[in-house]
Undergrad: 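My questions will all concern the structure given below.
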Number of protein chains: 2
Amino acid sequence: MDAVNEMIIEELKKDSRISMSELGRRVHLSPPAVRERVRQLEEQGIIKGFTIALDIKKMGYPIEAIIEATIKNNRYNDFKQQIQTYTNIDFCYRIAGEACFLLKAHFQTFVDAETFIDELQPFAHTKTNFVFSEVARF
Amino acid sequence: MDAVNEMIIEELKKDSRISMSELGRRVHLSPPAVRERVRQLEEQGIIKGFTIALDIKKMGYPIEAIIEATIKNNRYNDFKQQIQTYTNIDFCYRIAGEACFLLKAHFQTFVDAETFIDELQPFAHTKTNFVFSEVARF
DNA sequence: GTTGAAAGACACCATCC
DNA sequence: GGATGGTGTCTTTCAAC
């Protein structure tokens, strides 16, 4: 991870669709050289994938909630399994702190949010924070 | 946002580097047609950008923390401004709940994390949760 | 890691459905 | 709103250095 690799990552973060030639131009490297570096970054798992950034609100999910979940009755595995069945979860972290997990999910309506939280209750008690806005990206 | 657009988003989420021809093949549309749809999705702001998914731990930041910040002395703007100066923040949400903001940041060492939290104290009181792991993606 | 050449793929446009 | 076909450009890929 030298300075050139950092530049490569910076450029791909801004636009992952540029060609290897264009990327080479931007970081002052030949196409085969930059291609090989990207391949290695993928191989090392530093670059996990090429993807898109989505605006979840504009996709018809105006409600976003961050939920802290504290597991009940030792039902860790049930909780994890339940979590996997949802497609409206943006991330879920196992954390050290007051709660056991912290997750973010999105909903079309408050009714959907209520249903979601209710469904978690057998496994965890929850504390829900609704998202007003995101402070501009970094 | 019909079923085809959802397929387009799904494919680009998996690999944002495929050509418009390949994307067209996957969603059963001609290259110009799929190209136009992607253009519109960008224009509408549903697709915010083409980017990469990074493994922050493998980039030399083994420590990740989720920090809840409750603003002190009405210093909202100072806090927001301070936040913008950091490059180690993954996201920051303005939320409804016990705290005012919830942010995630990454660090090389615990000393860095301590310094970071200390620097926020003039503006907010904080509650820090360290991240053990991420529950597999969705 | 660079260069150069060949083959191929892609984007783009106009046209038509 | 989508399909087709032709053109020019750019990229990729490989070899040799």
Side-chain angles (χ1 to χ4, degrees), chain A residues 1-63 87-88 106-109 112 137-138, chain B residues 1-62 87-88 106 108 137-138:
Chain A
M1 270 303 294
D2 58 358
V4 176
N5 275 5
E6 280 175 23
M7 285 173 69
I8 288 174
I9 285 172
E10 220 38 59
E11 291 301 327
L12 288 177
K13 230 179 359 185
K14 282 191 285 185
D15 185 0
S16 63
R17 278 185 68 80
I18 55 173
S19 67
M20 288 299 120
S21 314
E22 174 59 24
L23 182 57
R25 245 167 263 136
R26 297 192 189 178
V27 305
H28 309 296
L29 230 57
S30 69
V34 79
R35 190 184 186 287
E36 177 59 16
R37 276 172 178 265
V38 171
R39 201 194 58 72
Q40 283 176 19
L41 286 169
E42 284 189 74
E43 197 178 77
Q44 292 167 32
I46 292 175
I47 295 179
K48 290 192 286 187
F50 299 86
T51 186
I52 47 176
L54 292 168
D55 189 321
I56 205 76
K57 287 199 202 298
K58 289 186 180 160
M59 286 182 73
Y61 297 88
I63 297 161
T87 57
N88 64 324
H106 53 267
F107 309 98
Q108 293 186 317
T109 66
D112 294 338
R137 263 277 145 83
F138 306 94
Chain B
M1 272 300 294
D2 58 0
V4 177
N5 275 5
E6 279 173 25
M7 286 172 67
I8 288 174
I9 285 172
E10 219 41 57
E11 291 301 326
L12 289 176
K13 230 177 359 183
K14 282 191 285 185
D15 184 0
S16 63
R17 278 185 69 79
I18 54 172
S19 67
M20 287 299 121
S21 315
E22 175 59 24
L23 182 56
R25 243 167 266 137
R26 296 192 190 178
V27 304
H28 310 296
L29 231 57
S30 69
V34 80
R35 189 183 186 287
E36 176 60 16
R37 276 172 177 265
V38 172
R39 201 194 58 72
Q40 283 177 20
L41 286 168
E42 285 189 75
E43 195 178 78
Q44 293 166 32
I46 291 175
I47 295 179
K48 289 193 286 188
F50 300 86
T51 186
I52 48 176
L54 292 168
D55 189 321
I56 205 76
K57 288 199 202 295
K58 289 186 179 160
M59 286 182 74
Y61 297 88
T87 57
N88 64 324
H106 54 266
Q108 294 186 318
R137 263 279 145 84
F138 308 92

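Proteins come first, then strands; the chains are lettered A, B, ... in the order of their sequence lines, and each starts at number 1. Computed over heavy atoms, backbone and side chain alike; hydrogens, waters and symmetry mates excluded.
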Undergrad: With heavy atoms under 4.0 Å as the rule, sort B/P31 into base, sugar-phosphate or nothing.
TA: nothing

Undergrad: Rounded to whole Å, please give me the gap between CZ in B/R17 and C1' in C/dC10.
TA: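 In whole Å, C/dC10 C1' and B/R17 CZ are 13 Å from each other.
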
Undergrad: Quick check: closest heavy atoms across B/A53 and A/T51, and the distance to 0.1 Å?
TA: N-CG2, 4.2 Å

Undergrad: Is B/E22 salt-bridged to B/R26, going by a charged N under 4.0 Å from an acidic O?
TA: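 Salt bridge: yes.
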
Undergrad: Using whole Å, what does the distance between atom P of nucleotide D/dA3 and atom CD of B/E36 come to?
TA: 12 Å

Undergrad: Where the side chain of B/R37 is concerned, which of D/dG1, C/dT3, D/dT4 is the nearest nucleotide?
TA: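 My answer, after comparing the listed nucleotides, is D/dG1.
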
Undergrad: Quick one: B/L41 CG to D/dG1 C1', roughly how many Å, whole number?
TA: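 Nearest whole value for this atom pair: 14 Å.
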
Undergrad: Does A/R35 have more than 12 heavy atoms from other residues, nucleotides or ligands lying within 6.0 Å of its CZ?
TA: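 Result for CZ/A/R35: open.
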
Undergrad: Does B/A33 or A/R25 map to a spot on DNA chain D nearer the 5' end, using the closest nucleotide for each?
TA: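 It is B/A33 whose nearest nucleotide is closer to the 5' end.
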
Undergrad: Counting side-chain heavy atoms from CB outward, which of D/dT12, C/dT2, D/dT4 is closest to A/S30?
TA: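 Of all the options, the side chain of A/S30 is nearest to C/dT2.
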
Undergrad: Does A/Y61 reach the side chain of A/L54, with side-chain heavy atoms less than 4.5 Å apart?
TA: no

Undergrad: Roughly, in whole Å, what's the span from CD1 in A/I18 to P in D/dT12?
TA: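 Taking atom P of D/dT12 as the reference, CD1 of A/I18 is at 10 Å.
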
Undergrad: Please tell me which of the listed nucleotides, D/dT12, C/dT2, C/dC13, lies nearest to the side chain of A/P32?
TA: C/dT2

Undergrad: What integer distance in Å separates A/R35:CZ from D/dT13:P?
TA: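 Distance check: A/R35 CZ to D/dT13 P gives 4 Å.
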
Undergrad: Name the nucleic acid region contacted by A/S19, choosing base, sugar-phosphate or nothing; use a 4.0 angstrom heavy-atom cut-off, strictly under.
TA: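 The answer is sugar-phosphate, as A/S19 gets under 4.0 Å only of primed atoms, P, OP1 or OP2.
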
Undergrad: For the pair made of CG in A/L29 and P in C/dG1, what is the distance, rounded to whole Å?
TA: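 After rounding, the gap between these two atoms is 6 Å.
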
Undergrad: In whole Å, I'd like the distance from the CZ atom of B/R39 to the P atom of C/dC13.
TA: 12 Å

Undergrad: Below 4.5 Å, heavy atoms only, C-beta onward: do B/R37 and B/V27 meet side chain to side chain?
TA: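 No, side chains not in contact.
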
Undergrad: According to a strict under-4.0 Å criterion, is A/S21 in side-chain N/O contact with OP1 or OP2 of D/dT12?
TA: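 Yes.
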
Undergrad: Could you check how far CD of A/E22 sits from C1' of C/dA9, rounded to whole Å?
TA: 18 Å

